[in-house]
Amino acid sequence: MRPVFLLMLLVTLFSCQRKEKLSDRVIYPERPNIVWIVCEDMSPEHLESYGDTGGKTPNLNALAKESLQYNNAFSTAGVCAPSRSALITGAYQTSIGGMHMRTLAPSAAASDAYPPGFKGYSTVLPEGMLPYPIYLRKAGYYVTNNVKEDYQFRSPVGMWDDSSNSAHWRNRPDPKQPFFSIFNFTTTHESQVWAREGKDSLLVDPDSVTVPPVYPDDSITRRTLARFITNVMRMDKQVGEVIAQLKADGLYDNTIIFFYSDHGDGMPYFKRELYDRGLRVPLMVKAPFLDAGTETEELVSFVDFAPTLLSLAGVPVPETMQGQAFLGKQKAEPRKYIYAARDRMDSEYDRVRAVSDGRYKYLRNYMPEKPNYQNIRFRLSNPLMLHLLDLHDKGLLDQNQDRWFATSKPLEELYDTQTDPWEFKNLAEDPDYAEQLAEMRIVHEEWMLKYGDMAALNELEMVRNWWGGQDSAPVTQVPEVDFQGGKVSLSSATSSSIISYRKSKSAGWNIYSKPFEAALGDSLYVNAHRIGFEPSEIATVVK
């Protein structure tokens, strides 16, 4: 062997070993920067790294090549507000009363169809339960949300440093302060299927899109799908803009990035359903300590996002969180099952529960006398929805497409999502699957017993119980201000209150966690807010 070649070989081997050692010794800050990029109403298959329905997503393709891609991530509901309730708390929405879509106000499209006496309300979180942004702010993070919340409760003023359409990590006063920033894009939301039609051009030919078997393959279906896929492509460009900003700021390589959707597709017979097409979401996580361009089949639920975030940020995961961390120092063993729920959708009531082990899906219909299809007025603006109703009335849908409109449901459903990904063949009455059915039934019932299910109560009764039998929410007790030794201490007699303060009306709100310095005569604005109650705010002078 020639000496020069031998030397090159030794250098190459040394370089490889050196690279492996460096990667094994990744030094990561105690408080890393974290960005969540969130889209709405989108199943994974529209992204080229997951499948191919006809569109192009170059920015998310590039992110996927640098991320760990989760192939079994699931929302806890097939609709946004209940799922976002689970995201913000790390708890199942059914266990905290956040399961109805939505709680803050009746749907304008169906305001006359709600039960008599219905009024908007905020979910009253259980004693000691706090949203994850509170923990991050107390740990020293600059925490922003741009811009959608929809968590089933009115947020305390101090929950975010900024929650607005201008919220951005770039606005933090100290460039060295660690940040957590959400960017939520509504471009793929259900409503944009009709809101954008005729206002911007299609980016994909309707003849080239993939038509799922739940729909008839015709021109109306293809046109509607092409509009949705076009919206996905426009969202991909928005994702690219956030990534470009991280790179421009020199932050991209060392920032942990999550990309995910808040539930499955915003299309008829997808959104609001507990089939995988309503629950399964894309999830990519890019971090310096993860293997780029790899995939995992690990089961992940939305209740796991908050504990995972805290685990990555070096913040202890509180016992009030029912999910488990899937990354970070507090990472738990992989979960065996994911759970989901369907309850009131706008004015229409139903109660369905689901459990999946990643292959087998079990559904329990607590109102089997009702059809899966709900006459949700908001959805009637979708031209495909009107088309499906027309074809159903004319008897022109095939058996699998028309089963949505059956007048009732079985008490139990069981599907093998590996061999039947569209969940058409119910195996619950097949004796060959009796053991699988029994196992999933027990798992479902154990979940209900462990965490409870507040949908067993009438919704208005549940709210009155929160309010102590009154017709309106209680008011959080006025904070007490104690000034001693040059420091201010704050407290509220209302338990589980989140206390915020600021020293001028133009200043941002601080989260109170310990006494802070002040001087006699200083102005002070204090807000105490038990989530679900009315907040209390006072303006005072330090005495």
Side-chain angles (χ1 to χ4, degrees), residues 12-39 42-52 55-74 169 178-183 185 232-233 235-261 280-301 304-305 307-314 325-335 358:
T12 300
L13 290 172
F14 177 78
S15 297
C16 291
Q17 292 174 350
R18 177 66 175 167
K19 184 176 181 181
E20 288 178 2
K21 289 179 180 178
L22 286 173
S23 65
D24 289 342
R25 293 188 290 111
V26 170
I27 299 174
Y28 208 70
E30 183 180 354
R31 297 283 188 262
N33 297 324
I34 304 172
V35 169
W36 281 7
I37 304 175
V38 189
C39 72
M42 192 193 75
S43 297
E45 287 73 21
H46 295 297
L47 306 182
E48 293 176 280
S49 63
Y50 279 96
D52 183 12
K56 301 299 179 184
T57 52
N59 292 293
L60 285 164
N61 291 350
L63 183 63
K65 290 178 181 178
E66 298 185 337
S67 299
L68 174 60
Q69 179 172 291
Y70 289 80
N71 294 329
N72 282 303
F74 294 87
W169 73 77
F179 62 82
F180 168 75
S181 292
I182 297 177
F183 294 88
F185 298 124
V232 171
M233 294 171 69
M235 178 274 298
D236 177 79
K237 183 178 179 181
Q238 293 174 299
V239 172
E241 290 170 355
V242 173
I243 290 174
Q245 291 168 353
L246 284 168
K247 290 180 177 179
D249 292 357
L251 297 168
Y252 178 74
D253 290 339
N254 291 316
T255 295
I256 299 174
I257 301 173
F258 280 49
F259 170 82
Y260 65 94
S261 171
R280 188 164 166 263
V281 300
L283 173 61
M284 303 174 191
V285 182
K286 187 200 80 69
F289 50 82
L290 295 176
D291 292 331
T294 57
E295 300 180 15
T296 176
E297 303 302 316
E298 181 180 347
L299 282 173
V300 170
S301 167
D304 302 331
F305 280 44
T308 299
L309 173 62
L310 297 185
S311 177
L312 290 170
F326 55 88
L327 290 170
K329 292 182 178 180
Q330 299 170 76
K331 179 179 178 179
E333 290 296 316
R335 63 168 52 250

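This structure is a prediction, so every number in the text was calculated from the model and none was measured. All values below were derived from every heavy atom in this structure, side-chain atoms included, with hydrogens, water molecules and symmetry-related copies excluded. Sequential numbering from 1 along the given sequence is applied to the chain's residues.
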Exercise. Heavy atoms, side chains only, cut-off 4.5 Å: are Val38 and Phe258 in contact?
Worked result: no

Answer yes or no: is there a donor N or O on one side and an acceptor on the other, between the side chain of [X] and the main chain of [Y], under 3.5 Å?
X      : Y      : result
Arg280 : Asn71  : yes
Thr308 : Phe326 : yes
Gln69  : Ser49  : yes
Arg31  : Gly314 : yes
Glu48  : Thr57  : yes

Exercise. Of the non-hydrogen atoms in Gln330 and Ala325, which two are nearest, and what is the gap between them?
Worked result: O-CB, 3.5 Å

For this session: Taking all heavy atoms of Pro282 and all of Leu47, pick out the closest pair and write down the distance.
Result: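 In this case the closest contact between Pro282 and Leu47 is CB-CD1, 3.8 Å.
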
Seminar exercise, completed: Hits for side-chain contact (heavy atoms from CB on, under 4.5 Å) against Asn33, two or more places apart or cross-chain, chain-then-number order -> Pro178, Phe179, Leu251, Thr255

Problem set entry | Test side-chain contact (heavy atoms from CB on, under 4.5 Å) applied to Glu30 - qualifying residues, sequence neighbours left out | none

For this session: Starting from the C-alpha separation in whole Å, work towards a yes-or-no answer on side-chain contact (heavy atoms from CB on, under 4.5 Å) for Leu299 and Phe74.
Result: CA-CA 8 Å; Leu299 282 173; Phe74 294 87; 3.9 Å; yes

Problem set entry | Row check, Phe185 ring normal vs Lys237 NZ/CZ: under 6.0 Å, within 45° |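 Because its charged atom misses either the 6.0 Å distance or the 45° angle limit, Lys237 does not stack over Phe185.
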
